[in-house]
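Report on one structure; see the data block that follows.
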There are 2 protein chains.
Amino acid sequence: MTKLAKSEPAAPEPAANGPEVGADPAFARPEPATIRDVARSANLSIASVSRALNGHANVHPETRAHIVAVAAKLGYVPNAAARSLSTARTNAIGVVLPDFHGEFFSELMRGMDRSASVHGYQLLMSNTHADKSMASQAIAAMLGRVDGLVVMAPQFAAAELLRTLPAHLPMVLANTSEGTGHHTIRIDNRLGATSAVTHLLALGCKSLVHIAGPADNIDGHERCEGFLAAMAAQAPGLPVRVCQGDFQDGCGDRIVRELLDEGYAFDAIFAANDMMALGALHALRAADIDVPGQVCVVGFDDIPLARYLSLTTLHVDVAGVGSRAIERLIAEFAGGAAPATVEAIMPELIVRNSTRA
Amino acid sequence: MTKLAKSEPAAPEPAANGPEVGADPAFARPEPATIRDVARSANLSIASVSRALNGHANVHPETRAHIVAVAAKLGYVPNAAARSLSTARTNAIGVVLPDFHGEFFSELMRGMDRSASVHGYQLLMSNTHADKSMASQAIAAMLGRVDGLVVMAPQFAAAELLRTLPAHLPMVLANTSEGTGHHTIRIDNRLGATSAVTHLLALGCKSLVHIAGPADNIDGHERCEGFLAAMAAQAPGLPVRVCQGDFQDGCGDRIVRELLDEGYAFDAIFAANDMMALGALHALRAADIDVPGQVCVVGFDDIPLARYLSLTTLHVDVAGVGSRAIERLIAEFAGGAAPATVEAIMPELIVRNSTRA
DNA sequence: CCTGTGGCCGTAACCGGTTACATAGGCGGC
DNA sequence: GCCGCCTATGTAACCGGTTACGGCCACAGG
């Protein structure tokens with residue numbers, strides 16, 4: 001800590017030299033002005049400065065104007081850490097995600113930022129990487145730095161993660177398995193899968209193939225369950241086949257190739273996400289199979305690419321999930337602890353040329 | 001502030017009831033344990049606790065072990081705000097971006113997170129939205145909360161933004177016009193454009209069209225300049241045509257349609273980004289024009305979609321830009337103010353089927 | 001003229017950490 | 001046996017804000 005000489009009474013305008021942008025590499029960066037600097041320079045107490053700048057009632061209009069002017073001249077900006085410490089509020093929300101990848105991540109962030117900035121909150125990111133100890137360390141580092149947490153943990157092993165989370169903080173979960181005892185915002189994957197099946201059956205398809213997501217992913221799991229349940233309910237006699245995928249496009253391609261090589265007869269593919277569906281489309285096109293003439297294809301997610309390649313899919317409002325999670329959390333700040341809530345976002349079937357001529 | 005009664009001497013283990021996860025909605029959340037709680041419970045001073053937990057030398061091994069055990073039992077996690085206040089370090093970096101959109105954003109974040117987490121830093125996001133006043137307010141709110149800033153401002157109007165940025169903080173710019181007097185990490189757009197032109201000319205193309213980015217975007221601007229300069233240098237006599245775009249796929253589609261309707265003769269398209277190039281591909285395919293037989297197409301960015309649709313493009317290591325920006329900033333923390341530096345990331349030409357049979 | 005009231009402002013305690021300095025033993029050298 | 005040093009620990013100041021409380025003054029009512 002810089003031990004500054006407090007001896008001089010009424011210091012002569014410590015840092016009054018304005019914005020001063022030109023960086024002279026030889027000099028250290030200027031110390032930012034503190035509330036004490038403002039108080040001294042305005043010949044008032046720090047209490048008055050604090051009150052004036054925070055818009056409290058008990059301060060004379062003239063005094064306030066003077067303080068505001070002095071603060072502006074010194075370029076004073078209150079120190080967020082100090083403020084957080086004394087008010088026990090940070091106006092920041094911690095976001096804990098499994099990885100920062102692709103369109104899904106950016107959409108989620110966009111939605112969160114939208115709601116957060118409206119309410120004056122900032123977003124502090126954290127990644128639950130592979131390394132578990134680092135993850136919980138990072139989350140611990142958020143204590144005192146955020147007012148609450150939004151946690152996304154689409155792996156099955158999420159329960160373990162949840163146990164390491166601080167109990168003091170309000171918290172909202174996104175895309176996590178249910179029954180965690182916390183507020184949760186989720187995508188209604190089962191209903192989405194049901195819509196896909198209904199659509200394909202209505203088109204007259206008789207042999208459906210499902211390309212599933214990775215085994216440890218809860219969204220993929222629920223989509224598969226939804227698919228099987230819908231088939232059992234709506235077309236008990238029809239053949240079903242489930243192939244294990246990994247959410248990557250290359251895998252959709254490979255699986256379709258294998259089915260064709262094998263000679264398996266099918267006229268519809270429902271993939272657990274768009275990337276795999278696009279891979280499937282690619283393989284079908286390469287094999288000269290007409291889509292949707294001979295095989296219909298449905299994806300899940302509605303990534304931008306899907307619109308572009310005219311893939312029928314289930315549109316998921318990912319930004320909406322992010323936005324709702326933040327809204328829910330902020331409501332929690334205002335209202336105090338409330339019984340856990342589960343909110344489901346409905347996917348919407350978007351019919352495009354992969355199931356329609 | 002909760003005014004807690006400090007009367008009782010040697011309080012009986014204030015919050016010793018462990019992790020206590022089960023949420024009883026009727027009860028308020030438990031107060032997190034402080035360093036004083038640990039000290040009291042361990043019958044030691046807070047100084048010793050602090051020293052023990054921070055790995056300082058002058059503390060007896062037995063004492064340290066005892067303190068660590070007590071801290072674990074109480075679930076003690078140091079309050080980040082308090083620590084920042086007294087150490088003047090936050091271990092957090094502010095990230096200021098124009099918007100949270102698409103693959104570019106997520107890749108950038110991924111790169112930043114990679115480097116940041118390696119060095120134990122967290123990322124605090126901020127969006128420079130449309131609303132300028134809100135932006136500078138959000139950035140001001142970062143003071144005392146971050147050790148430095150990474151700012152991306154690909155608009156020309158960036159200079160104004162830069163003036164509102166706090167002068168006290170170390171800072172690295174990404175994709176900003178040069179000559180700002182700050183450390184900068186940028187993409188070498190001109191060199192990328194030059195590679196594209198060289199490639200197309202080597203293929204024997206004689207009439208090139210450039211679909212440019214939005215007027216106020218510095219990347220788009222530099223790519224266009226690079227294109228024109230390369231054409232002037234390598235093929236002075238050949239016709240060039242520049243069409244104003246907006247980085248969206250729909251626009252690439254529209255522009256190609258217009259060129260065809262007009263009857264303009266061209267055999268190569270260089271688009272300022274992949275989305276527009278894909279739009280162009282779409283229009284060409286719709287018009288039954290063979291790619292690359294009749295027209296070659298080159299994009300810029302190498303988004304995942306480009307690989308998938310086999311578009312020749314300039315690969316940009318966006319994650320690398322983010323990663324380098326963070327590394328540079330952390331170096332700045334360690335080394336103190338240094339003369340401004342500009343680091344350029346080279347795009348790499350990836351040849352695919354849109355320029356090769 | 002005295003007192004009550006309310007507006008405006010200053011003093012100081014507090015948030016939860018870190019750390020300079022003081023202090024208390026233990027021990028070796030003379 | 002005394003002095004000095006080293007190690008382990010405690011005391012208290014400090015980081016930069018917020019805010020409870022009390023003081024001072026002007027003014028109105030009795």
Side-chain angles (χ1 to χ4, degrees), chain A residues 1-7 14-15 31-40 42-67 71 74 76-91 140-141 143-145 147 168, chain B residues 1-7 14-15 31-40 42-67 71 74 76-91 140-141 143-145 147 168:
Chain A
M1 197 79 310
T2 59
K3 177 178 275 232
L4 29 145
K6 286 274 184 184
S7 41
E31 298 281 334
T34 75
I35 197 173
R36 281 161 235 269
D37 296 330
V38 177
R40 206 171 335 168
N43 282 319
L44 285 163
S45 74
I46 57 173
S48 292
V49 175
S50 176
R51 280 189 289 253
L53 262 26
N54 288 325
H56 287 208
N58 287 345
V59 57
H60 194 90
E62 258 177 50
T63 309
R64 184 192 306 271
H66 180 212
I67 289 175
L74 298 185
Y76 169 68
V77 178
N79 181 303
R83 195 203 289 261
S84 308
L85 184 55
S86 80
T87 59
R89 296 198 53 223
T90 62
N91 284 304
L143 208 82
R145 192 168 283 189
D147 294 332
H168 334 280
Chain B
M1 199 80 310
T2 59
K3 177 179 279 234
L4 30 145
K6 286 272 180 180
S7 41
E31 298 280 333
T34 74
I35 196 174
R36 281 160 233 271
D37 297 330
V38 176
R40 206 172 335 175
N43 282 320
L44 285 163
S45 74
I46 56 174
S48 293
V49 175
S50 175
R51 279 188 290 254
L53 263 26
N54 288 326
H56 288 207
N58 288 344
V59 56
H60 194 90
E62 258 179 50
T63 310
R64 186 194 304 274
H66 179 213
I67 288 175
L74 298 186
Y76 168 70
V77 177
N79 181 303
R83 194 203 288 262
S84 310
L85 185 56
S86 79
T87 58
R89 296 200 51 223
T90 61
N91 284 305
L143 208 83
R145 191 167 285 188
D147 294 331
H168 336 280

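A, B, ... follow the sequence lines: proteins, then strands. Residue 1 opens every chain.
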Heavy-atom side-chain proximity of Val49(B) to Arg36(B) below 4.5 angstrom: no
Gap between atoms CG and C1', on Leu85(A) and dC15(D) respectively (whole Å): 9 Å
Distance-only donor-acceptor test (3.5 Å): side chain Arg36(B), base dG17(C): yes
Heavy-atom closest contact (Ala140(A) atom, Val77(B) atom, distance): O-CG1, 3.4 Å
Of Ile46(A), Leu53(A), Asn79(A), the residue whose pairing with Ile35(A) passes side-chain contact (heavy atoms from CB on, under 4.5 Å): Ile46(A)
Spacing of Arg89(B) atom CZ relative to dG16(C) atom P, expressed in whole Å: 23 Å
Shortest non-hydrogen separation from His168(A) to Glu31(B) and the atoms involved: ND1-C, 4.2 Å
Length of the CG-C1' vector between Asn79(B) and dC14(C), whole Å: 14 Å
Length of the OH-P vector between Tyr76(B) and dG16(C), whole Å: 10 Å
N/O (side chain, Asn54(B)) to phosphate O (OP1/OP2, dT18(C)) under 4.0 Å: yes
Interface polar pairs with nucleotides 5-12 of chain C, N/O, under 3.5 angstrom:
residue	atom	partner	partner atom	Å
dC9(C)	OP1	Thr63(A)	OG1	2.5
dC9(C)	OP2	His60(A)	N	3.0
dC9(C)	OP2	Thr63(A)	OG1	3.4
dG10(C)	OP2	Ser45(A)	N	2.9
dG10(C)	OP2	Ser45(A)	OG	2.9
dG10(C)	OP2	Ser48(A)	OG	2.8
dG10(C)	N7	Arg51(A)	NH2	3.0
dG10(C)	O6	Arg51(A)	NH1	2.9

Euclidean distance, atom CG of residue Leu53(B) to atom P of dT19(C) [Å, nearest integer]: 13 Å
For the student: nearest non-hydrogen atoms of Arg64(A) and His56(A), plus distance: NH2-O, 2.7 Å
Separation of atom NE2 in His66(B) from atom P in dA8(D), rounded to whole Å: 17 Å
Touch class at under 4.0 angstrom, heavy-atom based, for Ser50(A) against every strand present: base
Nearest-Å distance for atom pair CD/P, residues Glu62(B) and dT7(D): 18 Å
Pairing residues for Thr90(B) by the side-chain contact (heavy atoms from CB on, under 4.5 Å) criterion, not counting sequence neighbours: Arg145(A), Ser84(B), Ala92(B), Asp147(B)
Interatomic distance where CD1 belongs to Ile35(A) and P belongs to dC15(D) [whole Å]: 14 Å
Heavy-atom side-chain proximity of Arg83(A) to Asn54(A) below 4.5 angstrom: yes
